[in-house]
Amino acid sequence: SIYYLSTSFSTSHNFNTPYRLGIRMQTIYSNLFIESLSGISFDIGVTVPINKQFTIGGVIRNIGYKFQNNINSKFPIEIGLGSEIKIPIIKTLISTDIINNNGLELRSGLSTKSKWLNFSAGRSISKYRKATAAGFSLNYRKWNINCSMFFHENSILGTPLFLDIGHYF
């Protein structure tokens, strides 16, 4: 069987400036047929608004450890830079990222930004994979439900379906 369970806590602060600094702590448990993995990781990122419609940012992800097959090891660290363009007239965001993840990966996406219901779609391209994702989110009284699908070329893993439930404090 294949399953993945993750819990995370994240927070960000602007320090009374236009910039935002954020951190996230995540625990994971994953099982893929007969292999299992557990771990804890931290991410740190910053966003810098250039103007009302354009923002750039950077992130360092997967600072942490995993336990797999009775061996402790570090997660592969990812470093990324990205940009986001807001199109207010149609309440849409266009995002592009470049990630160094054992080679370069280019990601791009579109997402709507309305009060209750939003849609998103994106594409990821690297030397090792080409993938597409699509989904929607519902927002209500500080609760958020995201549902998405990930389409990729590895037919053994099928088409993963993701369901996230979040609460904002």
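Just so it is clear, the model here is predicted, and its values are computed rather than measured. Here, residue 1 is the first one in the sequence, and each next residue gets the next number.
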Co-members of the apolar cluster containing M149 [side chain, <4.5 Å]: F151, L161
Other cluster members, L104 - Ile/Leu/Val/Met/Phe/Trp/Tyr, side-chain contacts below 4.5 Å: L81, I98
Summary of ring pair (Phe, Tyr, Trp, His ring centres under 6.0 Å) pairs that have at least one residue in residues 6-25, sequence neighbours excluded: H13-F15
Which residue pairs pass the ring pair (Phe, Tyr, Trp, His ring centres under 6.0 Å) test when at least one of the two sits in residues 89-134, sequence neighbours left out? W116-Y140
Distance-only polar pair, side chains of R20 and T47, donor-acceptor under 3.5 Å: no
Any heavy-atom pair between the side chains of [Y] and [X] that's under 4.5 Å?
X    : Y    : value
I87  : I94  : yes
Q53  : P88  : yes
I145 : D164 : no

Give the C-alpha distance, both sets of side-chain angles, the deciding distance and a yes or no for side-chain contact (heavy atoms from CB on, under 4.5 Å) between F162 and F150. CA-CA 8 Å; F162 298 90; F150 186 70; 3.7 Å; yes
Who passes salt bridge (Lys or Arg N to Asp or Glu O under 4.0 Å) against E105, sequence neighbours left out? R107, R129
Kindly write out the residues that satisfy salt bridge (Lys or Arg N to Asp or Glu O under 4.0 Å) with D43, not counting sequence neighbours, or none if the list is empty. R24, R61
Count the heavy atoms belonging to other residues, nucleotides or ligands that lie under 6.0 Å from CD1 of I60, then report whether that count exceeds 12. no
